[in-house]
Amino acid sequence: MEKSYQPHPVEEEIYQKWEKENAFSPSQKGKVFSIVIPPPNVTGILHIGHALNNSLQDILIRFARLQGKDTLWVPGTDHAGIATQNVLERILMEEGKTRYMLGREAFIQRTREWTEKSREQIVAQLKAMGVSCDWGKQAYTLDEVRTQAVKTAFIRLFNKGFIYRGHRIIHWCPRCTTALSDIEVEHKEIHGKLYTVKYLEKKGRGFLCVATTRPETILGDVAVAVHPSDERYSTWVGRTVLLPIPGIHRELPIIGDEAVDPEFGTGALKITPAHDPVDYEISLRHHLPSIEALNEHARISSDFPAYAGLDRFEAREKVVDALQQAGLLMKVEPYLHAVGHCQRCGIMVEPRLSRQWFLSMKPLAKKALDALDSGKGPAFIPPSWTKVYRRWLEEIRDWCISRQLWWGHPIPAYFCSSCQQYTAAESQPARCPHCEATSLTPDPDVLDTWFSSALWPLSVFGWPKETDDLKRYYPTSILVTAFDILFFWVARMVMFGLEFTDSVPFKEVYIHGLIRDIQGRKMSKSAGNVVDPLEVIQEYGADSLRFAFAYTISEGQDILLSEDKLEGARRFLNKLWNASRLILLNLPPDFVDGQYIPQVEYEWIDRWIWTRLCQVSSEVQQKMALYDFQGVTHLLYDFIWGEFCDWYLEAVKVRYYSSNPEKRRVVLHISVKVLRYLLQLLHPFAPFITEKIWTFFRDSPSSLITSTWKHPEPLLDEQANKRALALFQAFEESVRAIRKFKKITGRAVEEIIEVWQVSLPPELLELVPALSKTTFLSGVSPPWPETVHLTVRYDPVSAPPQFIRYYFEKPDRAVIEKRLEEKRKEMSLRDGRIQSLRDKLKEAEVSGKIPEDVKQKWRVKLQNEETRKQLDEEELIYLRQFL
RNA sequence: GGGCGAAUAGCUCAGCGGUGAGAGCGCCUGCCUUACAAGCAGGAGGUCCUCCGUUCAAAUCGGGGUUCGCCCACCA
C-alpha cells in the first residue's frame, strides 16, 4: 500500500474489475430499485453539473445495491435537436460551408457520424466518474427502438385528435430558422426605447398617437385599436387613419377592443397581426388581414422595396428616420422591458405567424394533476417543487412540437395534396386513407427534441413492446435532475407516462441545485468559469469529487464548488486510506479474517467503538431514507476521523504492538470488522478507494460493490454498552484536560509528566496515561508538598454526578495566575448558567407547562453545575495558596 | 406584475423550538510521535440581518422591513 492514496491507477483498475465482474447488471433478485439517467446531450463534453447529477444517482444505486436490492440504472444520451444542429452548423461554417450546401441527407449523415464520436466520449466520462450504469442497456433518443416509441406516441396522439395543425403566432428564432416552444424562450430585461408615433386621420382631421417599441413593424400594421370605453377616443372608433410610413399608402381602421390597456402609452395600440400575439388575437376578432413585414430571417420582406432585406434593427433605424423627417415622431423615451431570446443561440426571438404542429396539453396535464391529487405522485424532494410543478400544469398551453430543422425525428405525418388532409403513419402510405389519392408527401419538419425525451422512461425499456424490463423496472424508483428541466422534461414525462401507461414513470423526483463558482456565478462558457469534471478528477480523483458533492449539497440549494471542498475530501479519503493501512499492515500473516470474537474478549473501548458504529449505521440509514447526503457524509466524516481514527485507533495502537499475540488478534479482528462496515457505508460516496481497500482483506468473498450490507448488531449487555459510552467521555475529557494543562504549563506534548489521581475508573488506568503521555503515581495522597488539580466530568447524566480529579506538581507562579484567571472566567460563566437554570426551574414550577422530561434534564444539569462549582471553589482556594 | 429561496465565525456552509451555537478552510502556538505533515496537539474568533409577535422557552415558529439570488409572465 502506498503511503498516500493515489487515485488514478486505482480508479482505472477498479472500474475494469467491476466491468469484468458484471457488477452493474441487475441481480434479478429482491426488491426493485431502478433509475433512468437524464440523458446528456450529445453536443459535447459533460460539465460539472452532469458530474453532480450522475454522482447522486450512483450514490443511490450503490446504496440500494448494498441493501441487496435488484438495481438497474439505464444509461443513454439525447440527440438534442437544435443544440446539435447548431454545433454542426458551426463546424461547417469553419469549413466555409452551410448545411444547404451539403443537402439534408448529407448533413444528417455528417451529424450522425459526429454524434457517434461524441457519445463514446460521454460514456468514457461517465465511467471516469465511477457510475455503475448497466452499459449493456444503453439507449439513444434517436436509435431504432426509441424511434419506434416516438412514432407510436405521435400516431396515437394524432389519431386521438391531440396533435393538430395550427395557424398562429409562435416564437420564431431567425438564427435557427425554426419555431420554438414557449419554454424554449428566455426573457431578458432589455433597455429599449418607446416611440410615440402620429397616425394622421385620413381626411386630415387631426391625428392619433400610438406608442410602440418596434417601429419597424409599422410596415405590417392593419389597424389601430383603443379600449371601447376609453372616453378620449370615443369619437375615433370607426374612423380611419393612415399608415405613417412615407411612400406607403395604407388605410387603417380604428377599432375598439377590450384587450387594449388604456393606461399604457397613449391608450392606442397599433395592430400588427403577423408580428404580435395580442394583435393577432384582435385581428381574428375583427376579421382583419395580416401583413408580413419580416421574413424568416427577421429581415424586411420584399413587399417593401424601400426597406427590403434590411434586418429588423437596421429597419427600425430607417423607419424612425423616415418618421422623424415626416414629422410624425412625437417622442422617444428610454424603456426597460423583457424580451424573449432563443434558449439555444441567444438571439432575440420573433413572434411569427406560422402554421405548426401542436399538441393539446390540457387533457394530458389534467391526468398529471389528478395523479398529484390522488397521491400517485410523483413526490418531489424537496417538496416545495410540487407547487411550482402544479402551477405550471394548471397554466399549461399547447405545445408547439414541430421544428424547421433537419436533425431530429421526422414528423411521421403525410400530407395529401388532393384532399389537403394529414395522415399519421409509421411509414409513407401508398394511398391517402381519406381520398385514396396517391399524392402523399412526408411532412418536412422534425419533432421538438423534448418529445422523444418525454418518452424516455418508457422507451429505454422498449415501449411500446411489453418487454420484461418494462414489466419489471417500470415505473422507476426515482428521477434525479436539476430544476431547470422541470417543465421541459419532468412534467412531460409524467404526462406521457400517464397517457400511455396510466402510471407516473417515477415514484419520486429528487431535484438538486445548479453548481456555481466560488463567487456564486452560474457556470457558463461565456463567463469562462466552466469546470471540467475530468480535470477535477485528474487533480483530486473521482472519489474526492463525489464525496465533496455529497458533503456540500444542501437540499434545494445551489452548490458553490471550491478547491477547498475538494481538498478537504481528498484529505479525508487519504485519512481513511491510512487508517486502513495501519490496520492492514499489522495483520499477522496467519490472520484469518471474519473470525468470531466472543463478547468477553472486548475491552471497554472496543465495546465503545462498536456501540458507536451501531448508532452511526442506523443514523446513516435514516438520513439516506431522507436523501440527506450532506448529513450522511458529515456523520461518516466526523465518525471516521474524529472518533475511529483520533480516539479508537490511537487507543488500540498499543495493543497492535503488544507482545501478547492473543490480545493482538482480538483487537485486529474488531478493527477489521469495524473498518469493513465503514467501507460499506462510505462506498456509495467514494466507490473506488473503498473497493480498493476491500481487496486487501484476506478472504473477501465478493467485491464490495456487490456485497450485502447488514445492520451491525449491538453487543448484548446494554448496561455495559452504556458504561462504555460514559467511560469514553471521561477518557476523552481527561486526555484533553491533561494535554491542555501541559500546554499551559509550557510542557511539550510528548513530555511525560507525573500525575496523581483518585476516583479514576479502573478501565482508564492504562489508556489515559497512554494518550496523555503521563505517568500515574500511586499513594494515599499527592506525593508533592504543593499540588494543583484538574477536575473532569465522568458521567454527566448520572445522578449524583461523578467527577475525576487529577493532581499535578505545583507549576510556576505565572502558570498559576493564568490558570486562576481561566478558572475565574469559567466560574463566572458557570454561575450565569446556574442562575438561569434555577430561574427556569422556578418558573417551571409556577407555570406548570413544561414537560417533566425537560425539567428533569434541567435538574440533572443544575446538580452537575453545582457540584462542579464546589470543586472549582476548592481548586480556587488551592491555587490562591500558591500566590 | 406574480411566485420561490437565502441572510449564523474572515470565507463556504451545518444546526431549524428546550444542554455552554458547530464543521471545513483560513489565522495563531507547539510538534516530521514508526498509519497519515494530505498529519498530530492546543488556541483565538459569533448583538445567529433588523423590528414586532407567538411561546414557560426562539438562531430555530409567524408577520413586517432590508439586502442578495432565482423562477414564471404576450402590456404594446
Side-chain angles (χ1 to χ4, degrees), chain A residues 1 3-5 169 171 182-183 187 194 210-214 217 225 259-261 263-266 268-272 276-281 335 337-338 340 351 384-385 387-388 391-392 395 483-484 486-487 513-514 516 518 520 522 551-552 554 556-565 567-586 630-631 634 637-638 642 645-646 649-650 653 656-657 735-736 739-740 742-744 746 748-750 773 796 829-830 832-833 836-837 840 843-844 846-851 853-855 857-858 860-861 864-865:
Chain A
M1 276 179 104
K3 202 170 166 186
S4 63
Y5 175 62
I169 296 268
H171 296 289
D182 298 336
I183 53 178
H187 289 88
L194 186 66
V210 173
T212 180
T213 54
R214 305 200 54 194
T217 64
V260 181
D261 176 6
E263 302 297 314
F264 188 88
T266 61
L269 173 67
K270 68 188 208 57
I271 302 300
T272 321
D276 186 279
V278 175
D279 294 8
Y280 180 64
E281 291 300 314
Y335 187 64
H337 60 151
S384 53
W385 288 104
K387 212 172 134 186
V388 180
R391 242 184 92 153
W392 189 73
E395 287 168 16
F483 60 78
D484 54 347
L486 181 62
F487 307 143
L514 305 173
R516 296 176 183 279
I518 192 65
K522 206 168 169 173
Y551 194 80
T552 313
S554 186
Q557 299 296 119
D558 286 345
I559 296 178
L560 267 65
L561 192 72
S562 63
E563 302 272 323
D564 276 7
K565 308 261 170 60
E567 185 58 31
R570 172 162 66 178
R571 287 186 195 180
F572 169 63
L573 295 174
N574 189 53
K575 187 74 184 174
L576 173 75
W577 179 257
N578 274 290
S580 308
R581 259 184 95 214
L582 172 65
I583 296 168
L584 292 163
L585 295 179
N586 277 293
Q630 184 182 237
H634 273 82
Y637 183 102
D638 293 344
C645 293
D646 286 352
L649 292 180
E650 289 298 336
K653 236 191 231 181
Y656 286 2
Y657 311 135
V735 172
R736 282 187 194 280
R739 280 175 183 160
K740 195 173 167 182
K742 277 188 178 177
K743 187 94 177 176
I744 292 170
V749 193
E750 66 280 6
K773 308 269 170 141
L829 284 172
R830 175 166 293 121
R833 263 177 270 138
S836 97
L837 277 168
K840 276 194 203 169
E843 277 171 40
V846 179
S847 76
K849 284 184 191 168
I850 293 156
D853 60 318
V854 173
K855 282 196 281 191
K857 262 192 208 165
W858 289 348
V860 171
K861 189 171 149 47
N864 258 286
E865 297 281 19

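Order of the sequence lines fixes the chain letters, A, B, ..., with proteins taken first and strands second; residue numbering starts at 1 for each chain.
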A:Glu567 and side-chain contact (heavy atoms from CB on, under 4.5 Å): which partner among A:Arg571, A:Lys565, A:Glu563? A:Arg571

State whether A:Lys387 places a side-chain N or O below 4.0 Å from either non-bridging phosphate oxygen (OP1 or OP2) of B:C4. yes

Within the structure, does a side-chain N or O atom of A:Arg391 lie under 4.0 Å from either OP1 or OP2 of B:C71? no

Starting from the 5' end of RNA chain B, give me the residue, A:Arg581 or A:Arg739, whose nearest nucleotide shows up first. A:Arg581

Say we look at B:G46 and B:G22: how far apart would their P atoms be, to the nearest angstrom? 14 Å

Think A:Lys3 has a side-chain N or O under 4.0 angstrom from the OP1 or OP2 of B:C36? yes

Which nucleotide sits closest to the side chain of A:Asn574: B:G30, B:A76, B:C36? B:C36

Could you work out the separation of B:G42 and B:A35 based on their C1' atoms and round it to a whole Å? 22 Å

Does A:Tyr637 put a side-chain nitrogen or oxygen below 4.0 Å from OP1 or OP2 of B:A14? no

Hey, does the side chain of A:Arg571 come within less than 4.0 Å of B:G39's phosphate (OP1/OP2), counting only N and O? yes

Does B:U34 have its OP1 or OP2 closer than 4.0 Å to a side-chain nitrogen or oxygen of A:Lys653? no

Of A:Val854 and A:Leu269, the one whose nearest nucleotide on RNA chain B sits closer to the 5' end is A:Val854

Select base, sugar-phosphate, or nothing to describe what A:Tyr656 touches, counting heavy atoms under 4.0 Å on all strands. nothing

With respect to the phosphate group of B:G18, does any side-chain polar atom (N or O) of A:Lys861 fall under 4.0 Å of OP1 or OP2? no

Would you please classify the geometry between the A:Phe264 ring and the A:Tyr335 ring as parallel, tilted or perpendicular, with 30° and 60° separating the classes? perpendicular

Using the C1' atom in both, what is the distance from B:G24 to B:G62, to the nearest Å? 33 Å

Expressed as a whole number of Å, how far does the C1' atom of B:C61 sit from that of B:C68? 24 Å

Return the nucleotide paired to B:G42: Watson-Crick means purine N1 to pyrimidine N3 with N6-O4 or O6-N4, wobble means G-U with N1-O2 and O6-N3, both under 3.5 Å. B:C28

When both hydrogen-bonding distances must be under 3.5 Å and the geometry is Watson-Crick or G-U wobble, what is B:C75 paired with, if anything? none

At under 4.0 Å, does any side-chain N or O of A:Tyr551 touch on OP1 or OP2 of B:U12? no

Does a sphere of radius 6.0 Å around NZ in A:Lys855 hold more than 12 heavy atoms from other residues, nucleotides or ligands, not counting ones at 6.0 Å or beyond? yes

Contacts of A:Arg391 meeting side chain to side chain donor-acceptor pair (under 3.5 Å) (sequence neighbours excluded), chain-then-number -> none

Within the structure shown, what part of the strands sits under 4.0 Å from A:Ser554 by heavy-atom distance: base, sugar-phosphate, or nothing? sugar-phosphate

Side-chain heavy-atom pair A:Arg581, A:Lys3 within 4.5 angstrom cut-off: yes

Using a cut-off of strictly less than 4.0 Å, decide whether A:Lys565 has a side-chain nitrogen or oxygen near OP1 or OP2 of B:U12. no

Return the pairing partner of B:A7 with a 3.5 Å limit on both distances, Watson-Crick or G-U wobble; otherwise return none. B:U66

